[in-house]
Amino acid sequence: MNSTYSLSPGNVSMLISMPHNGEQIPKNIAETMTNKGSMVSDTDWYINKLYDFAKAMGIYILAPKYSRYVIDLNRNPSGEVLYTGENNTELCPTTAFDSSPLYLDNKEPTAKEITYRIKHYWHPYHNALKNTLIELKQKHGKVVLLDAHSILSHVPRFFEGKLPDFNFGSADGASCDNALLESIQRINFNPYNCVYNKRFKGGYITRAYGDPKNNIHAIQLELSQDTYMDETNGHYNEIKAAQVKKHLRNVVECLVNFSQQ
């Protein structure tokens, strides 16, 4: 176990990864950041709370302790962009989603600092992710990875208008068997809307670890924060959350069932 992440073990062949759930920033990094940076505004807020039912279902859960502002665990360490021709944030972001600076003048991370963060934050998380998938594959012969995310319903930097509620991504079908997507599509998501492989097709984790030919099936869910938060003040809305969690549970149960087929 590493101090930069937490891994909750389970007993079924499914892992939920929450790479943008962390909120901590090491003191030496925080001292170089703007007030905006210290607010970690672009966190995937309350993802652990939304999926709190999963542990009792025997699902493995992996989550970082540190913010995506320290390093984005869902980006390629080479710096390769996720979406060609679109607006992308970096491996070590220098601006927030609203394009405001995260660092004080001349305090952005250097190449040496980025290399340090890759070693001490990125690799430990991905080693845990990779090793857990290997362990589950060896034990069960088949494994499902859900990369769980959320984002504000309006982020003009990345998409026009309001984001759909449930945004599933499978790298255009490359990261999981089509039968898995079809089983999700049979779920009744009313009153929410749901899209597949649109603006969010899956990040680095989905693309790097999904290997359906080898019975490792990965899918990303980008959930609109409007489904469970009061976005104006950032507060968790218990009434909203209780409703959307019913559908999240249906999704997770669908994935568990697929892992056992």
Side-chain angles (χ1 to χ4, degrees), residues 8 10 12-21 44 47-48 50-51 53-55 57-64 72-76 82-83 125-126 128-130 132-137 140-151 159 163-189 192-225 227-228 244-261:
S8 173
V12 300
S13 193
M14 179 176 168
L15 169 65
I16 299 179
S17 163
M18 304 175 177
H20 296 153
N21 189 53
D44 290 10
I47 286 289
N48 55 329
L50 275 179
Y51 289 89
F53 58 84
K55 186 174 182 180
M57 295 173 66
I59 295 165
Y60 289 69
I61 301 171
L62 177 64
D72 193 330
L73 299 170
N74 202 28
R75 296 294 182 272
N76 193 321
L82 280 178
Y83 297 101
Y125 188 88
H126 282 266
L129 178 52
K130 177 177 64 177
T132 302
L133 292 176
I134 290 172
E135 174 190 336
L136 292 176
K137 175 66 166 52
H140 301 278
K142 184 179 184 180
V143 58
V144 172
L145 167 64
L146 171 63
D147 209 43
H149 297 261
S150 74
I151 192 171
F159 51 85
L163 186 74
D165 301 317
F166 284 75
N167 300 265
F168 289 98
S170 64
D172 287 325
S175 67
C176 70
D177 193 290
N178 191 53
L180 178 56
L181 275 182
E182 290 176 347
S183 64
I184 294 173
Q185 289 170 337
R186 287 193 289 270
I187 296 173
N188 181 358
F189 284 95
Y192 304 102
N193 52 32
C194 181
V195 297
Y196 302 85
N197 290 307
K198 296 298 185 181
R199 177 59 179 88
F200 296 101
K201 299 177 184 292
Y204 174 79
I205 289 174
T206 304
R207 303 180 196 192
Y209 294 98
D211 185 6
K213 292 181 180 179
N214 194 35
N215 252 342
I216 300 175
H217 304 270
I219 189 164
Q220 176 178 295
L221 171 56
E222 189 81 61
L223 185 68
S224 169
Q225 291 178 350
T227 62
Y228 67 94
V244 80
K245 282 173 75 169
K246 296 175 184 177
H247 297 272
L248 289 175
R249 181 184 285 272
N250 288 339
V251 170
V252 172
E253 288 177 347
C254 175
L255 300 184
V256 170
N257 290 340
F258 181 82
S259 75
Q260 297 173 342
Q261 292 173 0

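Start at 1 with the first residue, then count along the sequence. Computed from a prediction, not measured in an experiment: that's the story for all the values here.
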* Asked: Taking everything shown except K55 itself, do over 12 heavy atoms lie less than 6.0 Å from its NZ?
  ->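 At most 12 heavy atoms, drawn from other residues, nucleotides or ligands, come within 6.0 Å of this atom.
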* side chain to side chain contact (heavy atoms under 4.5 Å, CB included) with Y51: which of I59, L146, I61? ->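 Of the listed options, the one satisfying the test is L146.
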With a 4.5 Å cut-off on side-chain heavy atoms, are [Y] and [X] touching?
| X | Y | answer |
| --- | --- | --- |
| N250 | E253 | yes |
| L129 | Y60 | no |
| N76 | R207 | no |
| L255 | L180 | yes |

* Go through the steps to decide whether T132 and L62 satisfy the test side chain to side chain contact (heavy atoms under 4.5 Å, CB included), and finish with yes or no. => CA-CA 9 Å; T132 302; L62 177 64; 5.9 Å; no
[X] side, atom [atom1]; [Y] side, atom [atom2] - distance, nearest 0.5 Å:
| X | Y | atom1 | atom2 | value |
| --- | --- | --- | --- | --- |
| Q185 | C254 | CD | SG | 10.0 Å |
| I16 | M57 | CD1 | CE | 8.0 Å |
| N214 | I216 | CG | CD1 | 5.0 Å |
| S8 | N48 | OG | CG | 11.5 Å |
| I151 | F200 | CD1 | CZ | 4.0 Å |
| F53 | R249 | CZ | CZ | 6.0 Å |

Mark yes or no for whether [X], through its side chain, and [Y], through its backbone, hold a donor-acceptor pair below 3.5 Å.
| X | Y | result |
| --- | --- | --- |
| K142 | F258 | yes |
| H20 | D44 | no |
| D177 | A179 | yes |

Closest non-hydrogen atom pair, [X] against [Y]:
| X | Y | value |
| --- | --- | --- |
| T227 | S224 | OG1-O, 2.7 Å |
| Y192 | V244 | OH-N, 3.3 Å |
| A218 | S175 | O-OG, 2.6 Å |
| Q225 | S150 | NE2-OG, 3.0 Å |
| V12 | L136 | O-CD2, 3.8 Å |
| P64 | N21 | CG-N, 4.4 Å |

Acceptor/donor pairs from residues 164-173 side chains to any protein atom, 3.5 angstrom cut, sequence neighbours excluded:
{"unit_1": "D165", "atom_1": "OD2", "unit_2": "N193", "atom_2": "N", "d": "2.9"}
{"unit_1": "N167", "atom_1": "ND2", "unit_2": "P164", "atom_2": "O", "d": "2.8"}
{"unit_1": "N167", "atom_1": "ND2", "unit_2": "E222", "atom_2": "O", "d": "3.0"}
{"unit_1": "S170", "atom_1": "OG", "unit_2": "G173", "atom_2": "N", "d": "3.1"}
{"unit_1": "S170", "atom_1": "OG", "unit_2": "N197", "atom_2": "ND2", "d": "3.1"}
{"unit_1": "D172", "atom_1": "OD1", "unit_2": "K201", "atom_2": "NZ", "d": "3.3"}

* Results of side-chain contact (heavy atoms from CB on, under 4.5 Å) for P19 - residues two or more places apart only -> S17, L73, N74, Y125, D147, H149, I205
* Using the six-membered ring wherever Trp is involved, compare the ring planes of Y204 and Y209 and label them parallel, tilted or perpendicular (cut-offs 30° and 60°). => perpendicular
* Structure fact -> Sequence neighbours excluded, the answer for side-chain hydrogen bond (donor to acceptor under 3.5 Å, both in side chains) partners of E182 is N178
